[in-house]
Number of protein chains: 2
Amino acid sequence: MKQKITLKHIARELEVSISTVSKALKNSDEISEDTKEKIQAFAKLYNYKPNNIAVSLKNKRTKNIGVVIPDIVHHFFTTVFRGIEKYANEQGYNVIICVSDETFDKEVINMEMLNNGSIDGFIMSLSAETQQKNDITHLKQVLDQGTPLVLFDRVTDDLDCDKVILNDEEIAFEATKKLLKEGRKRIALATTESYFNVSEKRAEGYKRALNEYGIEVDNDLVLVIPYDDIQESMIDAFFDTTDVDAVLSVNEIFAIQCMGVAKKRGMKIPKDISFIGFTDGLLSRYSNPTLTVVAQHGIQMGEMAAKLLIDRVEREDEGEEEESFKTEIVKASIINRESTLN
Amino acid sequence: MKQKITLKHIARELEVSISTVSKALKNSDEISEDTKEKIQAFAKLYNYKPNNIAVSLKNKRTKNIGVVIPDIVHHFFTTVFRGIEKYANEQGYNVIICVSDETFDKEVINMEMLNNGSIDGFIMSLSAETQQKNDITHLKQVLDQGTPLVLFDRVTDDLDCDKVILNDEEIAFEATKKLLKEGRKRIALATTESYFNVSEKRAEGYKRALNEYGIEVDNDLVLVIPYDDIQESMIDAFFDTTDVDAVLSVNEIFAIQCMGVAKKRGMKIPKDISFIGFTDGLLSRYSNPTLTVVAQHGIQMGEMAAKLLIDRVEREDEGEEEESFKTEIVKASIINRESTLN
DNA sequence: GTTAGTATCGAAAACGGTTTCGTGTTAATA
DNA sequence: TATTAACACGAAACCGTTTTCGATACTAAC
């Protein structure tokens with residue numbers, strides 16, 4: 001096992017000082033062309049690369065960004081992460097990722113682990129439990145210590161920081177209106193427990209659209225589906241008791257499951273009933289019929305979040321005055337497929 | 001913005017030396033109980049946490065592991081990653097992830113970025129392009145510099161290092177035999193270009209099973225589907241010209257697509273035709289009919305890979321003699337669903 | 001009262017870089 | 001010839017830790 005070569009080795013070998021080597025490798029004009037050539041040639045020969053850790057310690061910048069997300073086996077978060085990784089890499093940053101598993105404790109532990117010099121800033125989306133408890137002292141602490149933080153998708157109003165969100169209310173409004181324009185009268189909303197702020201926003205858009213069409217919101221049409229449960233039977237029971245001619249779902253899975261139940265009951269899609277789901281993942285593309293969806297443009301969200309963070313980090317670096325916090329809104333779009341009349 | 005507190009600050013404030021503070025915080029018995037209490041109380045009050053970067057520089061261990069995978073928006077890699085992250089976190093390691101995007105260049109660049117002190121070792125799966133070119137000088141270089149490396153799934157025989165693979169040949173053999181036992185005679189193999197070693201292994205298992213049943217391999221039954229192309233029409237053409245009563249697919253998507261084409265042609269599943277696909281993702285669980293799959297146990301693979309890596313890193317730490325390289329084999333299993341007769 | 005031993009702490013080197021400042025040499029200028 | 005400026009390089013501080021090796025003071029033993 002060859003030892004990694006350092007400035008010291010080069011200096012000793014070439015009988016110059018460490019400072020000379022350092023400067024020569026940065027092409028400083030303090031050093032003569034002769035010695036520069038000599039040193040650079042030697043460094044290239046032995047494939048010298050400066051030690052990241054040492055550089056980080058010196059200039060107090062790691063060129064790492066920490067990403068904390070609730071789940072990685074999840075299409076939306078995966079695409080957002082892809083966007084983060086893409087932009088970060090272009091800017092010479094690496095990405096350290098931690099999964100909170102939708103729990104508060106892991107979120108806290110992970111952030112503490114990373115916030116001791118390992119990273120220059122955080123990008124995160126709140127875990128379900130954190131949203132439930134609405135306890136964000138760990139985030140406040142991070143900000144207090146001067147670590148930049150960008151929240152995306154699952155954000156909180158109680159924190160002053162950069163954010164990237166989807167126009168959830170608006171696009172849910174649009175999606176619902178699309179169903180109304182098709183002539184649907186009894187549009188169900190398949191949603192999660194309400195402590196997810198995105199679900200709430202989507203519900204608001206749904207209700208606003210109904211109102212605009214002079215339709216009263218019928219709470220029987222709102223189907224709250226818990227995670228990790230016997231969802232199928234629940235949906236079946238829902239169809240038993242409720243008359244439905246369209247479903248707007250806050251995610252892909254619920255929509256696909258509802259479609260499955262409807263098909264089993266002999267309903268024709270989209271003749272008898274229409275479906276729209278959030279998230280443009282594999283499921284919607286390969287289902288039968290294919291599912292009309294709200295595309296959340298995760299990559300764009302990720303890039304945006306990374307840009308906000310890196311901009312702030314580097315602004316801090318330059319010693320410029322801090323800019324006020326921004327909230328960027330990514331515009332979702334509806335992708336028409338076979339589950340709706342077009 | 002509060003500055004992060006360091007040993008130096010504590011030392012100055014309490015009028016002791018830096019070494020005393022350091023020792024006191026580690027509960028060294030060199031320090032009197034009195035001063036220890038005083039220092040520890042002060043540290044706790046100001047929420048002192050040692051700077052990871054400085055510690056890394058000192059003991060030449062970062063407690064970071066680098067993961068380089070071809071794609072993150074891909075169920076299998078995501079689950080493997082999940083396993084890596086899980087085990088690594090348990091052992092106090094963080095995970096830095098880079099995506100090669102199936103390209104050789106990004107793979108090389110990412111690894112060079114990380115291999116200058118940022119990480120203690122690599123876990124990776126080769127990009128498509130790397131497997132095509134069969135150029136692994138960058139990997140050899142990493143090993144040469146003494147950085148431990150664990151390969152998973154997409155491995156190469158040309159490199160001496162720890163590996164974690166699936167029993168691809170064997171499980172493909174089993175899956176094919178399952179179809180044969182159902183009485184299927186014309187079993188198609190839907191696969192990718194052959195430079196993926198896993199696809200090759202699966203093809204071998206497929207052929208071995210046919211042989212065992214005395215059936216000659218018919219190359220017309222092997223459907224090679226390119227990535228990112230008009231796959232649907234290709235599959236349609238295949239069904240036009242070929243008589244098929246079962247399909248074994250090396251991934252989930254191809255299987256679902258084939259099922260879609262078969263359904264459109266009015267074939268009954270699994271009465272007229274059976275399907276088995278590799279990868280137990282969302283698609284197979286929510287398709288109609290649900291797809292019988294080969295579960296690759298990604299989490300287990302990831303945990304295994306992380307364990308191999310961390311074990312080696314820490315063995316090196318202890319200065320123990322290097323152990324010889326292992327190849328761990330994760331046993332896949334078949335999950336029976338509706339697309340096969342059971 | 002000297003010696004040895006123990007408890008408690010600090011100085012300093014080290015990890016691998018960057019950067020400021022100083023110094024010696026040479027060549028140009030007064 | 002004396003002065004100065006440019007050039008080329010090295011010494012040393014610094015980033016925040018850990019750790020070795022003294023150093024001091026006090027106690028116990030002879």
Side-chain angles (χ1 to χ4, degrees), chain A residues 2-40 42-43 46-64 115-120 145-146 317 319, chain B residues 2-40 42-43 46-64 115-120 145-146 317 319:
Chain A
K2 280 186 299 189
Q3 265 277 54
K4 284 227 74 173
I5 191 171
T6 70
L7 288 186
K8 198 195 276 189
H9 294 136
I10 303 184
R12 193 183 304 143
E13 208 65 29
L14 262 41
E15 296 182 313
V16 289
S17 78
I18 293 180
S19 9
T20 305
V21 178
S22 175
K23 290 171 191 165
L25 292 177
K26 321 205 88 155
N27 235 318
S28 156
D29 47 9
E30 257 185 86
I31 308 298
S32 74
E33 285 302 324
D34 279 9
T35 39
K36 273 203 277 192
E37 272 180 38
K38 200 174 56 178
I39 292 175
Q40 287 171 3
F42 189 91
Y46 287 93
N47 193 29
Y48 169 81
K49 295 275 163 52
N51 180 306
N52 284 335
I53 299 292
V55 175
S56 293
L57 181 59
K58 185 69 186 128
N59 41 241
K60 300 172 143 228
R61 278 280 115 89
T62 60
K63 289 261 178 183
N64 285 154
N115 199 27
N116 297 307
S118 297
I119 51 137
D120 295 340
Q145 301 201 337
D317 237 8
Chain B
K2 280 187 300 189
Q3 264 276 55
K4 285 228 73 174
I5 190 170
T6 70
L7 289 186
K8 198 194 279 187
H9 295 136
I10 303 184
R12 195 183 303 143
E13 210 63 31
L14 262 41
E15 296 182 309
V16 291
S17 78
I18 293 180
S19 5
T20 304
V21 178
S22 175
K23 289 170 193 164
L25 292 177
K26 319 203 89 144
N27 236 318
S28 156
D29 48 8
E30 257 185 83
I31 308 298
S32 73
E33 285 302 325
D34 277 9
T35 39
K36 272 201 280 192
E37 272 180 37
K38 197 174 57 176
I39 291 175
Q40 286 170 3
F42 189 91
Y46 287 93
N47 194 27
Y48 169 80
K49 295 277 161 54
N51 181 306
N52 283 335
I53 299 292
V55 175
S56 294
L57 181 59
K58 185 69 185 120
N59 42 244
K60 298 172 144 227
R61 280 278 116 89
T62 61
K63 288 262 179 182
N64 285 154
N115 197 29
N116 297 306
S118 297
I119 52 137
D120 294 341
Q145 300 199 340
D317 237 9

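Just so it is clear: chains get the letters A, B, ... in the order the sequence lines come, proteins before strands, and each one is counted from 1. Predicted model only: the values in this text are computed from it and were never measured. Below, all heavy atoms of this structure are taken into account, side chains as well, without hydrogens, waters or symmetry copies.
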Locate the shortest heavy-atom distance separating [X] from [Y]; write the atom from each residue and the value.
X: B/Asn116; Y: A/Pro50; answer: CB-O, 3.6 Å
X: B/Ile10; Y: B/Phe42; answer: CG2-CD2, 3.8 Å
X: A/Lys4; Y: B/Asn115; answer: NZ-O, 3.2 Å
X: A/Ile31; Y: A/Ala24; answer: CG1-N, 4.0 Å
X: B/Tyr46; Y: B/Ile5; answer: CB-CD1, 3.5 Å
X: B/Thr62; Y: B/Ser118; answer: OG1-O, 3.4 Å

(request) Return the 5'-most residue of the pair A/Glu30, A/Thr6 with respect to DNA chain C, ranking by each residue's nearest nucleotide. (result) A/Thr6
Report the distance from atom [atom1] of [X] to atom [atom2] of [N], rounded to the nearest whole Å.
X: B/Ile31; N: C/dA7; atom1: CD1; atom2: C1'; value: 10 Å
X: A/Leu25; N: C/dT19; atom1: CG; atom2: C1'; value: 15 Å
X: B/Ile39; N: C/dC9; atom1: CD1; atom2: P; value: 8 Å
X: A/His9; N: C/dG16; atom1: NE2; atom2: C1'; value: 10 Å
X: A/Lys4; N: C/dC15; atom1: NZ; atom2: C1'; value: 15 Å
X: B/Glu33; N: C/dA7; atom1: CD; atom2: P; value: 12 Å
X: B/Asn115; N: C/dG16; atom1: CG; atom2: C1'; value: 16 Å
X: A/Lys8; N: C/dT18; atom1: NZ; atom2: C1'; value: 16 Å

(request) Give me the first and last nucleotide of DNA chain D, going 5' to 3', that has any atom under 4.0 Å from a heavy atom of chain B. (result) D/dC15 to D/dC21
(request) Compare side-chain N and O positions of B/Thr35 against OP1 and OP2 of C/dC9 and report whether any pair is under 4.0 Å apart. (result) yes
(request) Give a yes or no answer on whether the side chain of B/Lys49 reaches the backbone of A/Gly117 with a donor-acceptor pair at less than 3.5 Å. (result) no
(message) Can you list, in residue-number order, the parts of residues 47-64 of chain B that come under 4.0 Å of DNA chain C, counting heavy atoms only?
(response) B/Leu57, B/Lys58, B/Lys60
(request) Mind checking B/Ser32 for me? I need base, sugar-phosphate or nothing, with any heavy atom below 4.0 Å counting as a touch. (result) sugar-phosphate
(message) Testing A/Asn51, A/Asn52, A/Ile53 one by one against B/Ser56 for a side chain to side chain contact (heavy atoms under 4.5 Å, CB included), which residue passes?
(response) A/Ile53
(request) Measure from the side chain of B/Lys23, starting at C-beta and using heavy atoms only, and say which of C/dT20, C/dG17, C/dG10 lies closest. (result) C/dG10
(message) Can you confirm whether A/Leu7 sits close enough to A/Leu25 that some side-chain heavy atom of one is under 4.5 Å from a side-chain heavy atom of the other?
(response) yes
